[in-house]
Amino acid sequence: MKLVVTEKHDAAQKIADLLGAKKPKADKVFNTPVYRFEKDGEEWVTIGLRGHILEPDFAPSLVYKKKGGWQGVDADGQTLQASIPDSLPKPPFKKKKPFTADGVELKGWKMEALPYLVYAPIEKLPKEKDIIRSLKNLAKKADSIVIATDFDREGELIGADALSCCREVNATAPVSRARYSAFTKPEIQGAFSNLVAMDDNLASAGASRQDIDLIWGAVLTRYLTLVKFAGYGNVRSSGRVQTPTLALICQRERERMAFVPEDYWVISGQFDADAREGVTAGDGPGAFSADHATARFKEEGAAKAAMNAVEGHRSARVEAVEKRKRTVPAPIPFNTTALMAATSAEGLSPARTMRIAESLYMDGYISYPRVDNTVYPASLDLAEVVRAISGNPAYAPTCKAILAQSSIRATRGKKETTDHPPIYPTAKATPDDLPPAEYKLYNLIARRFLATLSDAAVVEGTKVTLEVGGERFIARGDVLVKPGFRAIYPYGLKKDETLPPMEEGQQVAFNGADCVQKQTEPPARYSQGKLIQEMEKLGLGTKSTRHAIIERLYNVSYIQNDPIEPSQLGMAVVEALDKFAPHITGSAMTAELEERMDEIAEGKTSREAVVTTSRDLLSQELGALMPHSEEVKEALADAVAADAYIGKCPKCGKDLQLKASQKTRSMFIGCSGWPECDVTFPLPSGKIESVEELCPTCGMPQVKVTAFRTKPRVVCIDPACPTNQEPEVVVGKCPTCAAMGKSSNLVARRNPKTLKRSITCENFDECQTRYPLPQYGKLTATEEVCEHCGAPMVVVTTARGPWKLCPNFDCPGKEQEKEKKPAARKTTKRKKA
DNA sequence: GCAAGGTC
C-alpha cells in the first residue's frame, strides 16, 4: 500500500480525486478521514494532516518538574547542565536541591532560571495526537510513503515531522516527495510521476525558526510577566513578530506626540455659473465652490490680504478651463493581504475577515483564502468562474459583458507565486444563501474577481481657474465617463464632483469667500489593514499569521481601538525591550533569520550553529535586561496603573482604577487606596474605556461602555447619579400570583449594586417570581401575554431595532425555539464532502 | 501561564 501524506484534509481529498482512476472511497482511520483508491494495480491511501502535528517545547522529562511549569530547572538538571556554555556560571545542581553559583537554593526559582532557560534543550512533542495515531496506523502497513505537503519551507518541515512519526513504526518503507503547486490533473499527475527526495536542509531551516521563536518568546515573555507579576492570566508577551509589530505602533504614536501642529488658513469661495450678475443665493444647479489657488496660507496676513482683495466683488471671470482624461486601471487579483486591506476599509477586522473567509472556503463559496499570489494561473478557467457566479442578478450584466468578449483578459499583480491561485469565488451565492457578514465578504470577493476581468475606468477631470479681484481660485471636478470596472466594484470610490459647464472668458457670480483657520495633522495611526500591509513590507509574520498577531496584541492589552493606539503598557514594554534587548523590537531580526534559513537550506550552515548563535545573542541581551529589573518593574507598574486610571476617588482623593474581581473575574472600579479606602463602583458588562470628561450632571468620572454588538455609550460611574436613574416600568401582572388567586404587578428595574436589570414581582417574598432581562436597550411594556407561560411580553429597543420577547427564562416556548434553531442556520452546512 | 507557524 502507498501512503500519501498531505498538509490538510482538503488536499488529501483533491489528490485522491485527481490520481484515482475511479472515484476514491472515503474512509476513516480512527477519527481521521482518509481516501482510498487504486492506481496502476496498487492500493493508495491519502491522509491529510492539520498543519504542524508536532510542536517544539522545552524538554519536560529532563528539565522541568511538569510541562509548562515556570519554576525552572528540576532535580539534578544534568541535561541542562551539559548545554550551558562556559561563559555562564554553572549552578551546582544536586538531586532535589539545585543551587546557583553563589549557593542560593534554586527550588521554586523563577527569574533566576531565565539565563538557563535560554540554553534549555528543546524536544518535539506531539500536538495532534489523534492524527498522529491515524498516521502511524497507516504507516505501519505502508510499502512506500509519499510526502505531499505544501511546496514551501513550513510544508517541508510539516512533512519531515510526519515522516519522523511514520519512521517510529516503519523504518524501511521508501520515502519520496511530491512537489506540486496547483490542484489540477496535469500538475498533480506530473508531481507523482516525477517524485523527488525530501529536502532535509529546508526542513532544518524551518526547525531553526521554530526553536528561535520559542526560545526568544518564552524567555522574554516570562521575563516581562515575572518582573511585575500581576496574577495568573496576566501574561505580558513578547515575540519575534509581535514585538516589532507593537514597536511600529508605538513609533507612530511617538511621532504623533512629538508632532507640533502648525496653523494655516484656507480660503474657499462660492460661485454660481447660472447667475451672471451675482443675484442668486447660490444653491441652484450652477452653484459650486472653489479654493484659493494658494491651497494653504501659512501667514494669516496673506490670507487676510486675499480676503480683502475679493471683498465686495460680485462676479468672477473664468480664466481657463482644462479638461484631462485619465484612466484608472482595474484592480489586481486579491491575495490575503489585499483582501484584508479592503475589508479593513469596510469596517471588518482582519481577524474576523479570516474567520469568515475560512467558513466561506469550507462551504465551497471561495477559493483557498491564504495566498500570496496575485496572478491567476493559466490553469484557472476564468470564463467558467464567471458563468458560475452569473446566477446572482447583481452580477449578471457584468458577467454577460465579460463572456461576450472574444477573449477574457485579467489584471495581474506583481507577486506571482505558485502556492495557490488568488482568492476568487467558486460558487454562486445571493444574499438569501448566506448570513449578512458572510455575504458582505463574498460580495467583495466576487465583485473584485469580476473587476479584475473588466476594463479600466476613464475619469474626466476638469480644472477651472477663476479670477476675482486679482486673486485666483481653482475648482476641480471629476466625472466618470467610462465606468469600466467601477460598474461592478464600487469599493473605495470617491464621489463624483461635478462642475457646471463653463467656458473661458465667461463671467460667473461670486457669492463671497470664507477664510478658515486649520492646523496641520500629525501622521495618522495605523488601521488594522494598513498595519498588515506594513508588516508584509517588513517581512513580519506570514499571510496566515499576521491577523492573529494583531489580535494577540489586543488580547494582552498592548493596543486598543481601531485605528490602533498603544496602551501605556504597550509603550512601556517596547521602551524597556528597546533599551536592553533591542534585537526583539526590530524587524531586522526576522530579516536576518530569513538569511540564515536560506543558508541552512543551501547547506552552507547548520540548524545547530544558527540556533546556538541566536541563544548567545539572547543570553547577552537578557544579561543586559536582568540588572535593570527594578527599573523595568516600576515602568510596567506605572503603565498598568495609568491604563487602569478612571478618575479621582470622591472619598480619599486617590486614583480610582479599573479592576477585575478575583472571584468572578468581572470588572469593577475600585480605589487604589484599598484596603484603607473601600470605595467601589459596579460596572455594566462590556468593554470599558476611560474618558477624560467628568459627568456634566454630578462631576464624577465617566466611562465609555461598549457592550457586545452595541454602539459605545458614555455613562457616569456613580449609580446614584440622576443620569443613571431608569424609571421603573410596570410590565404587567404576575402569572404566579394570578395562579394563587392574587393580583400583583411585575416591575422592571435595575439593581443599584449590580447594575443588573430584571423583572421582579412586587410580591417577590411570597411568589419568588423574577425574570432576567437584556441589559441594554429601552424597555417598554406591552398589553400582550406570552402564549406559552402567561408572562407579560416586553419590547427591548436597541440599535438593531425593537425586539419583542417573553422574559421568562423557563418559558416552555424557549425550548421549542431551540429545537428550531439548528435548522435555521443551514447556511454553515458544509457543501458536499 | 511562553512564540510563530501550519490548519479547523
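Order of the sequence lines sets the chain letters (A, B, ...), proteins ahead of strands, with each chain counted from 1.
A donor-acceptor contact under 3.5 Å links the side chain of E55(A) to the base of dA4(B).
At a threshold of 4.0 angstrom between heavy atoms, the contacts of E128(A) include nucleobase atoms, whether or not backbone atoms are also involved. Base engagement by T545(A) is indicated by at least one non-hydrogen atom pair under 4.0 Å involving a base atom. Within the 4.0 angstrom heavy-atom criterion, only backbone atoms of the sugar-phosphate kind lie near G217(A); the bases stay farther away. R552(A) comes within contact range of the sugar-phosphate backbone alone, with a heavy-atom separation under 4.0 Å but no base atom that close. Looking at heavy-atom distances under 4.0 Å, G155(A) makes no contact with the nucleic acid at all. Looking at heavy-atom distances under 4.0 Å, K127(A) makes contact with a base.
With a 6.0 Å cutoff to the six-membered ring centre and a 45° limit on the axis angle, R179(A) does not count as a cation-pi contact of F151(A).
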Would you mind writing out the side-chain donor-acceptor pairs for residues 568-582 of chain A within the sub-3.5 Å range, not counting sequence neighbours?
{"residue": "D578(A)", "atom": "OD1", "partner": "T585(A)", "partner atom": "OG1", "Å": "2.8"}
{"residue": "K579(A)", "atom": "NZ", "partner": "E631(A)", "partner atom": "OE2", "Å": "2.9"}

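Here the side chain of I549(A) is nearest to one of dG6(B), dA3(B), dA4(B), namely dA4(B). With dT7(B), dC2(B), dA4(B) as the choices, the nucleotide that has an atom nearest any side-chain atom of D150(A) turns out to be dT7(B).
A close approach under 4.0 Å does not occur between any side-chain nitrogen or oxygen of S238(A) and OP1 or OP2 of dA3(B). The shortest distance between the side-chain N/O atoms of Q242(A) and the OP1/OP2 oxygens of dA4(B) is below 4.0 Å.
Pairs engaging residues 195-205 of chain A under the side chain to side chain donor-acceptor pair (under 3.5 Å) rule: none recorded [sequence neighbours left out].
As rounded to whole Å, 15 Å separates atom P of dC2(B) from atom CG of L220(A).
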